[in-house]
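Below you'll find the structure, written out as structure tokens, and then a few comments.
Keep in mind that what you see is a predicted model, and the values were worked out from it rather than measured.
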Amino acid sequence: MIPQGNPVRFLQIFGLLLAASFPLLSGIPVLGYIAETGAIFGIIFLAYRRDWFWLIIGAAGSLMLATFLYGSELFIIATWARVVIPSAAFGLFWAVGGHPSRAFAVAVVLAAISSLVIFGSERDLIYKALDQVKGLIMTAGAGSSQSGGATSDFVEGVAGMIEVVKRLMPSLLALSAAFQIFAGWLLLMVILRQTGEFVPRVTGFYFWKMPDFYLFLFGAALLVRLLAGETLQMVADNVILFMGMFYAAFGFSVFEYYLKKVRLSLFMRIMFYIGIILLQVPGLILAALVGLCDSYFDFRKVRARMIG
């Protein structure tokens, strides 16, 4: 509940506290993720309002707190940078009149770079932790009293999944950071509208669309995946997953547009999405293919609507 007296002043103080104190919880699973998302909200707000003094105090304060608590290693600085720099860039780009979708794209690129630095600096430690989890599962499976065949299949499946996670860890870290930025942005828009502040208009979800020029990057990644060696294939896999998740999100936008157009009932729409979820990976691939095709063929004529 936002106080009625001076909500903007309250948000300035609240945003400053979130931005300056998030390292206190960064090392705690789940709570740390929530604290970082809150800090992203606060930093975007301060940058969007161009409250330079509070923005600098919050950013510098969190950096000093992070280095005091955890040290000044590259991993710590990169973790701090993944929260602060993309958020500040998002808010500033938005404040000077940049379209929110472009501001988000800039923030996501910066967050992805920070995530790659984090992965590069702690790659061995991350792989060691995953290998330990894999070893524990395999040990538990070997000592299980259940039927050998079922247990063996489960253990092999989990072990294979962990190997996939290891291979795709850079893109998973980048996607996690992108989701935090999106959540902070969404929260900011909701709260600003409640306070009566001006918020730049964002295109409705029904018309979200991936720009078609990203097709060249996605196509290049697919080509590398087919023709290059192991190292470049790993890079291509991460690019494909990272972009594929965005294509899937825009694919769901296409689904929602046509479900609304045919006036399908809420119950039937829920059942449709449950079906997609039950398909799991094939369902996501289907949504990504729809989003990919829509970025070129523009099924909903989004470009014409923007021009019009």
Side-chain angles (χ1 to χ4, degrees), residues 1-2 29-31 33-38 40-41 44 90 99-101 103-105 107-108 111 154 157-158 160-161 164-165 168 171-194 199-212 214-215 218 240-306:
M1 189 72 177
I2 298 173
V30 182
L31 283 178
Y33 193 80
I34 294 173
E36 289 177 356
T37 305
I40 288 170
F41 155 79
I44 294 176
F90 188 118
H99 194 279
S101 62
F104 178 69
V108 167
F154 172 77
V158 173
M161 186 180 300
V164 171
V165 170
L168 300 176
S171 58
L172 293 174
L173 289 172
L175 286 169
S176 175
F179 178 78
Q180 286 181 298
I181 294 170
F182 179 76
W185 171 31
L186 184 63
L187 180 61
L188 177 62
M189 288 194 296
V190 171
I191 292 178
L192 286 180
R193 284 171 181 165
Q194 288 184 345
V199 182
R201 181 177 177 272
V202 178
T203 305
F205 179 66
Y206 301 117
F207 298 108
W208 285 12
K209 176 181 177 297
M210 192 80 155
D212 54 2
Y214 286 111
L215 283 169
F218 192 79
I240 290 169
L241 175 63
F242 185 75
M243 296 187 67
M245 291 303 293
F246 284 95
Y247 278 120
F250 293 119
F252 280 106
S253 173
V254 177
F255 291 154
E256 187 63 16
Y257 172 84
Y258 283 106
L259 291 176
K260 181 183 178 182
K261 190 171 183 179
V262 299
R263 299 182 180 180
L264 208 62
S265 67
L266 178 61
F267 174 76
M268 293 304 298
R269 286 160 64 186
I270 292 174
M271 294 304 295
F272 173 82
Y273 287 119
I274 289 176
I276 294 291
I277 293 171
L278 290 176
L279 286 174
Q280 299 180 10
V281 174
L284 282 176
I285 293 175
L286 173 63
L289 287 174
V290 171
L292 178 70
C293 294
D294 177 67
S295 69
Y296 182 79
F297 294 106
D298 197 12
F299 300 132
R300 297 159 293 170
K301 302 296 184 287
V302 174
R303 280 191 288 266
R305 289 175 182 273
M306 292 174 65

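Atom CZ of Phe272 sits about 5.5 Å away from atom CG of Leu259, to the nearest 0.5 Å. Within the model, atoms CE of Met243 and CG of Leu215 stand 7.5 Å from one another, a figure rounded to the nearest 0.5 Å. From Phe255, atom CZ reaches atom CG of Leu286 across 4.5 Å, with rounding to the nearest 0.5 Å. A distance of 9.0 Å separates CG of Leu292 from CE of Met210, quoted to the nearest 0.5 Å. Separating the CE atom in Met268 from the CG atom in Leu266 is a distance of 11.0 Å, to the nearest 0.5 Å.
The minimum heavy-atom distance linking Gly244 with Ala288 is given by the pair O-CB, 3.6 Å. Shortest non-hydrogen contact noted between Ala177 and Ala111 is CB-CB, 3.8 Å. When every heavy atom of Ser295 is checked against every heavy atom of Pro211, the shortest pair comes out as CB-O, 4.4 Å.
In this view, Met161 satisfies the side-chain contact (heavy atoms from CB on, under 4.5 Å) rule with no residue, not counting sequence neighbours. Taking the side-chain contact (heavy atoms from CB on, under 4.5 Å) definition, one finds that Ile277 meets it with nothing, sequence neighbours left out. Under the rule for a side-chain contact (heavy atoms from CB on, under 4.5 Å), the partners of Val164 that lie at least two apart in sequence or sit in another chain are Leu168. Listed by chain and residue number, nothing satisfies the ring-ring contact (aromatic ring centres under 6.0 Å, His included) test with Phe250 (two or more places apart in sequence, or in another chain). Checked against ring-ring contact (aromatic ring centres under 6.0 Å, His included), Tyr214 has no partners two or more places apart in sequence or in another chain. In this structure, the ring-ring contact (aromatic ring centres under 6.0 Å, His included) partners of Tyr247, at least two apart in sequence or on a different chain, are Phe218. Not counting sequence neighbours, the partners of Ala35 by the side-chain contact (heavy atoms from CB on, under 4.5 Å) test are Phe22, Leu25. Residues passing the salt bridge (charged side-chain N to carboxylate O under 4.0 Å, His left out) test with Arg193, sequence neighbours excluded: none.
Contact of the Leu175 side chain with the Phe246 side chain is registered, since non-hydrogen atoms from C-beta on lie closer than 4.5 Å. Annotation: side chain of Cys293 is in contact with side chain of Phe299 (closest heavy-atom distance under 4.5 Å). Ser253 is listed as a side-chain neighbour of Arg300, based on a closest heavy-atom distance under 4.5 Å. Counting heavy atoms from C-beta on, the side chains of Asp294 and Lys209 come closer than 4.5 Å.
When each of Phe207, Phe252, Tyr206 is checked for a ring pair (Phe, Tyr, Trp, His ring centres under 6.0 Å) with Tyr257, only Phe207 meets the rule.
Under the side-chain hydrogen bond (donor to acceptor under 3.5 Å, both in side chains) criterion, the residue pairs touching residues 266-278 are Glu256-Arg269, Glu256-Tyr273, with sequence neighbours excluded. Note on residues 280-289: no pairs pass salt bridge (charged side-chain N to carboxylate O under 4.0 Å, His left out), not counting sequence neighbours. Contacts classified as side-chain hydrogen bond (donor to acceptor under 3.5 Å, both in side chains) and involving residues 279-292 (residues at least two apart or in different chains) are not found.
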Side-chain donor/acceptor pairs under 3.5 Å, residues 179-190, sequence neighbours excluded:
from   : atom 1 : to    : atom 2 : distance (Å)
Gln180 : NE2    : Tyr33 : O      : 3.2
Gln180 : NE2    : Glu36 : OE1    : 3.3
Gln180 : NE2    : Thr37 : OG1    : 3.4

